[in-house]
> 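Sending over a structure as structure tokens; questions will come in a sec.
Heavy-atom basis, side chains included; hydrogens, waters and symmetry copies ignored.
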Amino acid sequence: MNLFAEANNRGIQTEFVDGQGHRRVTDAAALEIILNALPPQTPGPLLGQPVVVRHGRPARSELRSAARFPVGWKIVADAGVVAEGETSDRVIHWPKGLPAGVYRLHLTDAAAVTEDVPLISGPEKAFAGDFDRCWLLAVQLYGVRSGRNWGIGDFTDLEAMIEFGANLGADGIGLNPLHALFDDRPGDCSPYSPNSRLFLNALYVDVDRLPEFQLDAATRDALVPLRAGDVVDYVAVARLKWQALRAAFAAFKAHATPARRQDFDIFRAEQGALLLRFACFEALRHKFKQPWWEWPAEWRQPDDARCAALRDGAEADEVAFVEFVQWTADRQLGGAANLARKLGMKVGLYLDVAVGVQSDGFDAWNEQAAISRHLGVGAPPDPLNTAGQSWGLAGFNAAGLELQSFAPYRDMLRASMRHAGAIRLDHVLGLKRLYLVPNGFSAADGVYVQMPFEALLGMTAQESTAHRCVVIGEDLGTVPEGFREQMADWGIWSYMVMMFERDDRGAFRGMDHYSANALVTFNTHDLSTYAGWRSFGDLKTKRAIGIDPGESDDARWHALAMLDDVLRQNGIDRNDLYSVLAFLARTKSRLLAISLEDILGVVDQPNIPGTVNEHPNWRRRLPVLIEQMTSAVDIAALRTATRDRSRSAS
């Protein structure tokens with residue numbers, strides 16, 4: 001069988017028409033790497049795909065033509081057989097009342113052909129939220145400035161932002177991803193390029209809140225320039241914070257209170273093998289100082305027995321330190337979530353989930369079947385990116401997920417939803433298909449790999465209802481026909497950005513265009529702020545650093561005129577930020593996100609895609625302290641704009 005035939009059998013699309021109308025065929029050398037990087041799996045002979053049973057809906061699966069009757073089936077859980085039966089019909093009707101969970105389905109036909117696939121039983125839809133319409137304050141946590149933080153926003157600042165937002169009438173705080181990055185590469189600060197999506201970024205810990213920590217004079221002096229800076233000095237912040245965390249851990253070991261020790265032990269038990277593996281991975285990464293695939297052979301795969309021995313052996317302190325840091329981060333983030341609930345916020349924390357991970361990070365080591373380090377997630381060439389995109393992130397693959405009954409995806413959801421009332425899945429199209437590019441090849445040499453969309457939606461709905469967490473899918477741009485409808489049928493919300501909601505003439509869509517089950521916002525972290533957009537600041541900045549902004553000044557003038565038109569058509573005479581917010585607040589979309597940068601009048605955007613050092617991406621700090629925000633924001637105008645959906649109005 002040649003490469004292209006094998007790819008076709010494995011659901012890999014090697015030929016497609018790109019966004020410019022050009023026919024693309026994947027390079028054979030690239031395809032060979034892709035095939036070798038993915039677990040060898042072809043659709044099974046009897047069903048060929050996972051089974052999804054939705055409570056309250058008829059559940060049936062059609063057997064493939066190769067099946068020989070009768071076909072026996074068993075639904076198996078860890079405790080044993082849950083249900084079983086036999087059919088002489090092409091269609092199997094699954095039993096009603098199957099408890100929510102993930103099972104293995106074993107099938108055997110009359111010719112003794114067998115197949116084993118996951119079976120997901122869950123709710124009809126994801127959690128829908130228990131609110132009508134409300135709004136969230138969107139915050140880049142690293143950029144929050146306060147009189148007490150260490151030059152980077154932290155979880156105590158998050159509590160202050162929750163109190164500030166609650167006073168404004170907001171029902172939640174939206175945040176950049178809080179995923180764990182690499183402690184020894186602090187300059188690699190993009191929250192969308194994580195070491196692990198299962199654990200937290202320790203730089204957000206407020207060290208001063210640790211009862212074991214004592215601030216010394218040298219650290220106090222070193223904090224002065226960090227607090228004064230306009231950008232986050234990640235290298236200096238990381239050096240001070242990690243020193244402080246190690247000092248606090250040493251003191252914790254020596255004289256922690258019984259209550260603190262007990263809570264630490266509870267956390268370790270709750271997190272189980274995943275936390276132990278992560279702690280061992282970090283200890284080993286620091287010890288070997290090279291990518292995990294170059295480690296000694298016994299450590300290139302996670303092994304729980306070896307990890308337990310490591311925690312009890314020479315690396316005991318280092319392993320326990322990583323666990324201590326994660327415990328601290330989790331408890332501080334959980335405290336912020338509890339504060340939001342106490343203040344009556346209907347959503348609380350709205351957290352972002354990155355589309356992939358770094359290939360040399362923990363998740364890629366821990367899930368080598370489900371995540372291939374040799375392949376990067378990206379996008380094919382289109383009119384805006386004529387060369388295509390490879391984001392340098394490793395993503396899930398279908399075969400590896402199915403072999404493990406989707407446990408890696410479930411673990412990611414659980415970690416993200418643990419303290420959240422809503423999450424956003426970045427590039428949600430990746431649940432249906434991923435564009436994968438082999439390392440070392442151009443983005444034009446990628447392939448589309450189909451994902452088990454229905455099963456991933458079912459797993460998402462299952463975890464969403466279990467955690468009472470709304471799920472928003474970032475579905476910007478062109479998606480396959482029926483994609484948004486299928487997502488909505490499962491209760492996954494859409495993500496609607498006003499800057500993109502325009503027709504072929506450039507006119508902004510009216511209020512009625514916006515869906516009810518959607519989060520609506522004017523912009524995103526990758527787009528201009530409102531002040532920057534109106535002042536052409538984003539165009540000027542991009543041109544100054546040698547980037548084509550993709551828009552002329554004339555086009556921007558036209559966009560501004562189109563904005564005036566849609567506002568006037570809806571009885572809004574002005575065109576300032578609060579007029580735009582009033583427009584969005586009156587849409588039927590149940591969630592509105594308002595960026596903190598916008599209400600503070602910030603011109604620069606948090607991130608300019610396609611840049612690394614040309615722009616201070618993920619580094620810029622807010623111009624005012626939290627303590628000064630009440631006087632820096634036009635609170636009366638904001639409350640007027642959001643009065644139809646503020647907590648004070650309900």
> Can you list the residues that meet the side chain to side chain contact (heavy atoms under 4.5 Å, CB included) rule with Leu284, with sequence neighbours excluded?
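Result, side chain to side chain contact (heavy atoms under 4.5 Å, CB included) vs Leu284: Phe288, Trp295, Trp299, Leu310.
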> Using the side-chain hydrogen bond (donor to acceptor under 3.5 Å, both in side chains) criterion, which residues pair with Lys287? Sequence neighbours excluded.
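By the side-chain hydrogen bond (donor to acceptor under 3.5 Å, both in side chains) rule, Lys287 matches no residue at all.
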> Given the ring of Phe362, does Arg277 sit roughly above its face, with NZ or CZ under 6.0 Å from the centre of the six-membered ring and within 45° of the axis?
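No, a cation-pi geometry is absent between Arg277 and Phe362.
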> Could you tell me whether the side chain of Glu614 and the main chain of Val612 form a donor-acceptor pair under 3.5 Å?
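Present.
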> Per the side chain to side chain donor-acceptor pair (under 3.5 Å) rule, what does the pair list look like for residues 173-184, sequence neighbours excluded?
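Non-adjacent pairs meeting side chain to side chain donor-acceptor pair (under 3.5 Å): Asn176-Tyr204, Asp183-Arg285, Asp183-His286, Asp184-Arg285.
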> Within the supplied structure, the quantity of interest is the number of heavy atoms (other residues, nucleotides, ligands) at a distance under 6.0 Å from Asp130 CG; does it exceed 12?
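Yes, CG of Asp130 has more than 12 neighbouring heavy atoms, counting only those of other groups under 6.0 Å.
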> Heavy atoms only: give me the nearest Thr465-Ala126 pair and the separation to one decimal.
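Here Thr465 and Ala126 meet closest at CG2-C, 4.0 Å.
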> Strictly below 4.0 Å, N to O, side chains only: are Arg306 and Asp304 in salt-bridge contact?
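No.
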> Of all the heavy-atom pairs spanning Phe264 and Ala320, show the shortest one and how long it is.
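Reported closest heavy-atom pair: CZ-O, 3.9 Å.
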> Hey, does the side chain of Asp475 reach the backbone of Leu429 with a donor-acceptor pair shorter than 3.5 angstrom?
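No.
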> Test: salt bridge (charged side-chain N to carboxylate O under 4.0 Å, His left out). Region: residues 353-377. Which pairs qualify, not counting sequence neighbours?
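Residue pairs passing salt bridge (charged side-chain N to carboxylate O under 4.0 Å, His left out), neighbours aside: Arg185-Asp360.
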> Please confirm whether the backbone N or O of Asn149 pairs with a side-chain atom of Arg227, one donor and one acceptor, at under 3.5 Å?
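It does hold such a pair.
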> Looking at Gln262, I want to see if its CD is surrounded by more than 12 non-hydrogen atoms of other residues, nucleotides or ligands under 6.0 Å.
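Result for CD/Gln262: open.
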> Is the backbone of Ala394 close enough, under 3.5 Å, to the side chain of Ser359 for a donor and an acceptor to pair up by distance?
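Not confirmed, Ser359 side chain does not pair with Ala394 backbone.
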> Given Leu245 and Phe321, is the side-chain contact (heavy atoms from CB on, under 4.5 Å) satisfied, shown in steps?
CA-CA 9 Å; Leu245 286 166; Phe321 171 66; 4.0 Å; yes
> Applying side chain to side chain donor-acceptor pair (under 3.5 Å), which residue pairs with at least one partner in residues 334-345 are found, sequence neighbours left out?
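Matches after skipping sequence neighbours: Asn338-Arg341.
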> Quick one: list whatever passes side chain to side chain contact (heavy atoms under 4.5 Å, CB included) with Thr156, sequence neighbours left out.
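Residues passing side chain to side chain contact (heavy atoms under 4.5 Å, CB included) with Thr156: Arg148, Asp154, Asp206, Arg209.
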> According to side chain to side chain contact (heavy atoms under 4.5 Å, CB included), who are the partners of Ile594, at least two apart in sequence or on a separate chain?
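Scan of Ile594 (side chain to side chain contact (heavy atoms under 4.5 Å, CB included), adjacent residues dropped) gives Trp135, Leu581, Leu592, Ile599, Leu638, Thr642.
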> Please list, chain by chain and in numerical order, all residues satisfying side-chain hydrogen bond (donor to acceptor under 3.5 Å, both in side chains) with Ser121, sequence neighbours excluded.
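If we apply the side-chain hydrogen bond (donor to acceptor under 3.5 Å, both in side chains) test to Ser121, skipping adjacent residues, the hits are His55.
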> For Asp604, check side-chain hydrogen bond (donor to acceptor under 3.5 Å, both in side chains) against everything at least two apart and list the hits.
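Asp604 satisfies side-chain hydrogen bond (donor to acceptor under 3.5 Å, both in side chains) with no other residue.
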> How would you list, by chain and number, every residue that makes a side-chain hydrogen bond (donor to acceptor under 3.5 Å, both in side chains) with Trp493, sequence neighbours excluded?
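By the side-chain hydrogen bond (donor to acceptor under 3.5 Å, both in side chains) rule, Trp493 matches no residue at all.
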> Looking at residues at least two apart in the chain, or sitting in another chain, which of them share a side chain to side chain contact (heavy atoms under 4.5 Å, CB included) with Leu625?
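Applying side chain to side chain contact (heavy atoms under 4.5 Å, CB included) to Leu625 gives Arg145, Glu627, Gln628.
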> Evaluate whether atom CD of Gln450 has more than 12 neighbouring non-hydrogen atoms of other residues, nucleotides or ligands under 6.0 angstrom away.
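More than 12 heavy atoms, drawn from other residues, nucleotides or ligands, come within 6.0 Å of this atom.
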> If only atom types and distance count, is the side chain of Arg260 paired as donor or acceptor with the main-chain N or O of Glu212 below 3.5 Å?
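No, Arg260 side chain to Glu212 backbone: no donor-acceptor pair under 3.5 Å.
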> Considering only NZ, NE, NH1 and NH2 on the basic side and carboxylate oxygens on the acidic side, decide whether Asp230 and Arg621 come within less than 4.0 Å.
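The answer is no: the pair does not qualify as a salt bridge.
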> Indicate yes or no: does Arg246 engage Glu318 in a salt bridge with an N to O separation below 4.0 Å.
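Looking at Glu318 together with Arg246, the answer is yes, because their closest N to O distance falls below 4.0 Å.
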> Just by distance, no angles: are the side chains of Tyr495 and Thr521 close enough, under 3.5 Å, to form a donor-acceptor pair?
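Not at all, the side chains of Tyr495 and Thr521 share no donor-acceptor pair under 3.5 Å.
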> Can you pull out every side chain to side chain donor-acceptor pair (under 3.5 Å) where at least one residue sits in residues 321-335? Sequence neighbours excluded, please.
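Passing the test, one end in residues 321-335: Asp263-Trp327, Asp263-Arg331, Arg268-Glu323, Arg311-Glu323, Asp330-Arg418, Asp330-His419.
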